[in-house]
Visitor: 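Shown below is the structure under consideration.
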Protein chains: 2
Amino acid sequence: MRGVNETTQVHPPGDGAAEARSRRDTRARIQQVAVELFTEHGYDATSLREIAERLDVTKAALYYHFKSKEDIVASLVEDYFGQIDALIAWAREQPPSDEVRGEILRRYVRIVAEQDRVLRMLHQNQAAVHTMAVAKRRGELFKERMHSLVDLLAGPGATLEERLRATMTIGGASIGWTFYGGQAVDREELGALITSLACDFARLPRPTAPAGPPGS
Amino acid sequence: MRGVNETTQVHPPGDGAAEARSRRDTRARIQQVAVELFTEHGYDATSLREIAERLDVTKAALYYHFKSKEDIVASLVEDYFGQIDALIAWAREQPPSDEVRGEILRRYVRIVAEQDRVLRMLHQNQAAVHTMAVAKRRGELFKERMHSLVDLLAGPGATLEERLRATMTIGGASIGWTFYGGQAVDREELGALITSLACDFARLPRPTAPAGPPGS
DNA sequence: GTCTATATAACGATAGAC
DNA sequence: GTCTATCGTTATATAGAC
């Protein structure tokens with residue numbers, strides 16, 4: 001068994017070599033198919049038999065790559081929340097300012113954009129995921145991190161209205177992407193638009209740099 | 001078997017007579033317990049045995065009141081989406097104006113506030129609910145209605161930015177309520193605050209009447 | 001309207017060969 | 001790394017007594 005996570009991307013790069021991936025990385029293919037089926041039919045309603053059939057292997061083969069059904073989800077959860085936690089950690093060591101708050105929103109939207117398939121799956125199976133061991137280990141996944149982000153965005157002594165504004169901003173950005181991210185619109189443009197609207201909601205000036213170099 | 005729905009409230013009024021409800025309306029108590037367990041552990045992970053045990057009856061008794069496990073959820077779906085569909089139908093026969101758009105948001109928040117337990121349950125089990133027969137019968141539950149509301153809020157020839165603004169407004173309002181609705185804040189105040197912030201996001205003036213008589 | 005008892009089916013997971 | 005075969009468990013749903 002490999003470790004539970006090696007920051008594997010769910011959907012492979014797909015740039016070149018569109019064919020020669022017959023059994024190159026079965027683990028990533030399992031994750032990919034699992035995300036699709038868990039999103040479409042739900043985590044519990046998706047059996048390992050279904051996943052195995054779509055990959056033309058048997059159930060037992062899946063158990064070579066993941067020690068349980070939950071472990072497939074756990075690997076995805078680590079990917080997504082690892083990035084969110086990194087964002088929160090970064091934001092906590094910045095001096096509070098409107099520039100930093102705008103940057104938080106920009107980075108948040110970028111994470112949502114990159115991980116949108118996984119995020120949608122997690123959202124659609126929140127209750128099921130919440131009961132898993134990985135949720136115990138990493139805390140209340142969505143709620144806890146939402147509150148952290150809200151604190152960072154609204155500041156420590158914020159009123160209920162200010163915290164609500166931050167919550168609705170972040171929530172709106174997530175919902176906005178999950179509704180339009182799967183459609184045939186330019187993803188770059190969509191991300192910029194959502195970031196811009198989020199700043200507007202939060203009463204922040206738009207970030208000056210359109211796309212700074214990844215320094216995180 | 002009764003009809004699938006009689007617009008039963010999930011949590012009984014609870015005004016007076018806090019005790020004399022021993023076996024008065026078992027059907028409503030089943031719904032109530034089911035919402036709780038489906039929200040906490042997920043739809044598929046909650047067995048009818050668990051529901052029955054918490055009510056001190058047997059599984060077979062549940063089948064007297066609901067023809068299947070799905071039918072319990074279906075009755076709740078009809079409650080919630082019936083109200084949303086009524087809102088959409090009402091909005092469609094109004095002349096478009098900022099007053100009407102503000103009123104749409106006000107009514108939307110009121111529905112979310114009234115049905116928050118059911119809404120949270122539906123959100124946390126979206127994938128599972130989506131595969132049910134009731135979803136086939138009533139169309140893509142969340143997506144379809146979100147688009148209808150967005151069209152009504154942004155107008156027919158709206159740009160992508162305008163539709164995104166409407167989507168993020170509605171999404172933000174839902175998320176805002178589900179995060180703070182369960183806490184010890186005044187629900188009336190919270191609803192007013194969220195409505196006000198939603199109008200701000202949507203660039204609408206606040207509705208003039210603070211709480212009009214229920215005429216819908 | 002609620003009970004006991006049971007039919008039928010599918011699931012997650014493991015053992016051990018290759 | 002993938003296979004066949006199977007174990008043990010639990011689920012939804014029904015039949016029929018009371």
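All heavy atoms count here, side chains included; hydrogens, waters and symmetry mates do not. Since this is a predicted model, take the numbers as computed values, not measurements.
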Visitor: For nucleotides 11-18 of chain D, just jot down a letter per nucleotide in 5' to 3' order: B, S or -, based on protein non-hydrogen atoms under 4.0 Å.
Guide: SBBBB---

Visitor: Enumerate the side chain to side chain donor-acceptor pair (under 3.5 Å) contacts for residues 162-182 of chain A, please, sequence neighbours excluded, ordered by first and then second residue.
Guide: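 Those involving residues 162-182 of chain A are A:Y108-A:S174, A:D116-A:W177, A:T159-A:E162, A:R165-B:D200, A:T167-B:Y180, A:Y180-B:T167.
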
Visitor: Going by atom type alone, with no hydrogens or angles, which donor-acceptor pairs under 3.5 Å involve a side-chain atom of residues 50-60 of chain B and a protein atom two or more places apart or on another chain?
Guide:
residue, atom, partner, partner atom, Å
B:E50, OE2, B:S47, N, 3.2
B:E53, OE2, B:R49, NH1, 3.4
B:R54, NH1, B:E36, OE1, 3.2

Visitor: To the nearest angstrom, how far is B:Y64 atom OH from C:dT4 atom C1'?
Guide: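 Spelled out: OH on B:Y64 to C1' on C:dT4 is 19 Å.
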
Visitor: Report the distance from atom CZ of A:F66 to atom P of C:dT14, rounded to the nearest whole Å.
Guide: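 Result: 16 Å.
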
Visitor: May I have the list of side-chain donor-acceptor pairs in residues 142-152 of chain A shorter than 3.5 Å, sequence neighbours left out?
Guide:
residue, atom, partner, partner atom, Å
A:E144, OE1, A:E140, N, 3.3
A:R145, NE, A:D85, OD1, 2.7
A:R145, NH1, A:R138, O, 3.2
A:R145, NH1, A:L141, O, 3.3
A:R145, NH2, A:D85, OD2, 3.1
A:R145, NH2, A:R138, O, 3.1
A:H147, ND1, A:K143, O, 3.4
A:S148, OG, A:R92, NH2, 3.3
A:S148, OG, A:E144, O, 3.2

Visitor: OP1 or OP2 of C:dT2 less than 4.0 angstrom from a side-chain nitrogen or oxygen of B:T58, does that happen here?
Guide: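 It does not, given that no N or O in the side chain of B:T58 lies less than 4.0 Å from OP1 or OP2 of C:dT2.
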
Visitor: Would you kindly give the CD1-to-C1' distance between A:I51 and C:dA10, to the nearest whole Å?
Guide: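 In whole Å, C:dA10 C1' and A:I51 CD1 are 15 Å from each other.
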
Visitor: In Å, rounded to the nearest 0.5 Å, how long is the span from CG of A:L105 to CZ of A:R110?
Guide: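 Rounded to the nearest 0.5 Å, the CG-CZ separation comes to 13.0 Å.
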
Visitor: In whole angstroms, how far is the C1' atom of C:dG1 from the CZ atom of B:R29?
Guide: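 After rounding, the reported distance stands at 13 Å.
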
Visitor: Output every pair passing ring-ring contact (aromatic ring centres under 6.0 Å, His included) with a member in residues 32-52 of chain A, not counting sequence neighbours, ordered by first then second residue.
Guide: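 Counting only pairs at least two positions apart or across chains, the ring-ring contact (aromatic ring centres under 6.0 Å, His included) contacts touching residues 32-52 of chain A are A:F38-A:Y43.
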
Visitor: Rounded to whole angstroms, how far apart are CG on A:L62 and P on C:dG12?
Guide: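 Checked: the CG to P distance equals 10 Å.
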
Visitor: Would you kindly give the CD-to-C1' distance between B:E53 and C:dT2, to the nearest whole Å?
Guide: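 Whole-Å distance recorded here is 16 Å.
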
Visitor: Taking only residues two or more places apart in sequence, or in another chain, which ones meet B:Y80 in a side-chain hydrogen bond (donor to acceptor under 3.5 Å, both in side chains)?
Guide: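 Listed in chain order: nothing, the list is empty.
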
